[in-house]
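Below is one structure, written out as structure tokens; the observations come after it.
Remember, predicted model here, so these are calculated numbers, not experimental data.
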Amino acid sequence: MSRWKGLPEELDPRVRQLVVRLRRVKDHSGLSLRRLAAKTGYSTSSWERYLAGRSLPPGEAVEAMARLGGEDPARLLALHEVAVEAWAKGKPSTGTEADPGAGPPRPHGRALRITLIAGSVALVLAVAAAVLLAVRLTDGEGKAAAAPLTASASTAAPGSPKQSERPRYTCRAERIDGRWYAGNSRTRKAILAKGHAGPEVAEAQCLLREAGLAPGAVDGIFGPHTERAVKDVQKRSGLVVDGIIGPHTERAVKDVQKRSGLVVDGIIGPHTWKALRE
């Protein structure tokens, strides 16, 4: 097995999770970087940057790596989607520049390179637009989508009623059409992470409580209390302690997935939302 160098300390936990998973898949495949480059169409230097956390691989590279290593591409692509969002919000200050070797070989020179770069930009914009649209459409009753708490607080003037008013959430568990709902949101696709707030977070907290877990106060805020509870679970389970619910292997979600007979990957996606509601 390869002896990997440590990743930059300032690397976002969501990007770190993707890189660690890619390293494991690469080790499992038994391929050298040269053979990996030959089979995927991405250069050796590009893979060196991807696996060192200095550059974010495109989705096609992640999918190719998964298939070569016998991994389910859906899992790695879910991690990649969240890593793209984290990378876009704040690129790690590792001193790296844009990856000049990313993408398949460019036999047609500069014109093909420009085309590939434009395609990559379009892909990133499309993914970002899809994520925003999914968040806004998750609540079927038109409630506001989850957003960072700091953003909502900064928009209210000091002393105004909006600043002191916070939504109050209650857990009213009921079974509708064979699925459990807690009365806050009907989402089955939202990905929740630190800093988000809204009915989706409250819904997840209620459903996790109904499953016998302890996500913290049901206040719709993924704040220090919820983060501390998640970290405690991760410590007891020997997982990466990052306090993130979503693409990381969070024990509370795993418990629900185990009881529901799902693939244990710790991702709150459509299948896990379905398990929480059934």
For this session: Say whether, by atom type as modelled, one donor and one acceptor occur between the side chain of Arg16 and the main chain of Glu10 under 3.5 angstrom.
Result: no

Exercise. Should Asp177 and Arg179 count as an ion pair when the cut-off is N to O under 4.0 Å?
Worked result: no

Exercise. How many angstroms lie between OG1 in Thr44 and CG in Leu36, if you round to the nearest 0.5 Å?
Worked result: 8.0 Å

For this session: Please confirm whether the backbone N or O of Tyr169 pairs with a side-chain atom of Asn184, one donor and one acceptor, at under 3.5 Å?
Result: no

Problem set entry | Atom pair CZ/CG of Arg67 and Asp72 - distance to nearest 0.5 Å | 8.5 Å

For this session: Side-chain contact test, heavy atoms from C-beta onward, threshold under 4.5 Å: evaluate it for Asp27 versus Trp4 and give yes or no.
Result: yes

For this session: Measure across Lys194 and Phe222 and return the closest heavy-atom pair with its distance rounded to 0.1 Å.
Result: CA-CD2, 3.4 Å

For this session: Can you measure from CH2 (Trp47) to OG1 (Thr40) and round to the nearest 0.5 angstrom?
Result: 5.0 Å

Exercise. Any side-chain heavy atom of Val201 within less than 4.5 Å of one from Ile221?
Worked result: no

Exercise. For the atom pair NZ (Lys5) and CZ (Arg23), what is the distance rounded to the nearest 0.5 Å?
Worked result: 10.0 Å

Problem set entry | Cluster check Met65, Leu68: I/L/V/M/F/W/Y, side chain < 4.5 angstrom | yes

Problem set entry | Identified side chain to side chain contact (heavy atoms under 4.5 Å, CB included) partner of Val127 from the options Val124, Leu123, Leu125 | Leu123

Problem set entry | Short side-chain to backbone donor-acceptor contact, Gln205 and Gly220, under 3.5 Å | yes

Seminar exercise, completed: Output for pair (Leu18 CG, Asp12 CG), nearest 0.5 Å, gives 11.0 Å

For this session: For the residue pair Ser185 and Thr187, confirm or rule out a side-chain donor-acceptor distance under 3.5 Å.
Result: no

Exercise. Are side-chain heavy atoms of Glu71 and His28 found at a separation under 4.5 Å?
Worked result: no

Problem set entry | Distance (rounded to the nearest 0.5 Å) between Trp87 CH2 and His80 NE2 | 10.0 Å

Exercise. If we only count heavy atoms from C-beta on, is the Tyr42 to Pro58 side-chain gap below 4.5 Å?
Worked result: yes

Exercise. Between Arg14 and Glu85, is there a donor-acceptor pair closer than 3.5 Å when you use the side chain of the first and the backbone of the second?
Worked result: no

For this session: Return yes if a side-chain donor-acceptor contact under 3.5 Å exists between Ser32 and Arg34, otherwise no.
Result: no

For this session: Determine, for Arg186 against Glu203, whether the closest basic-nitrogen to carboxylate-oxygen distance falls under 4.0 angstrom.
Result: no

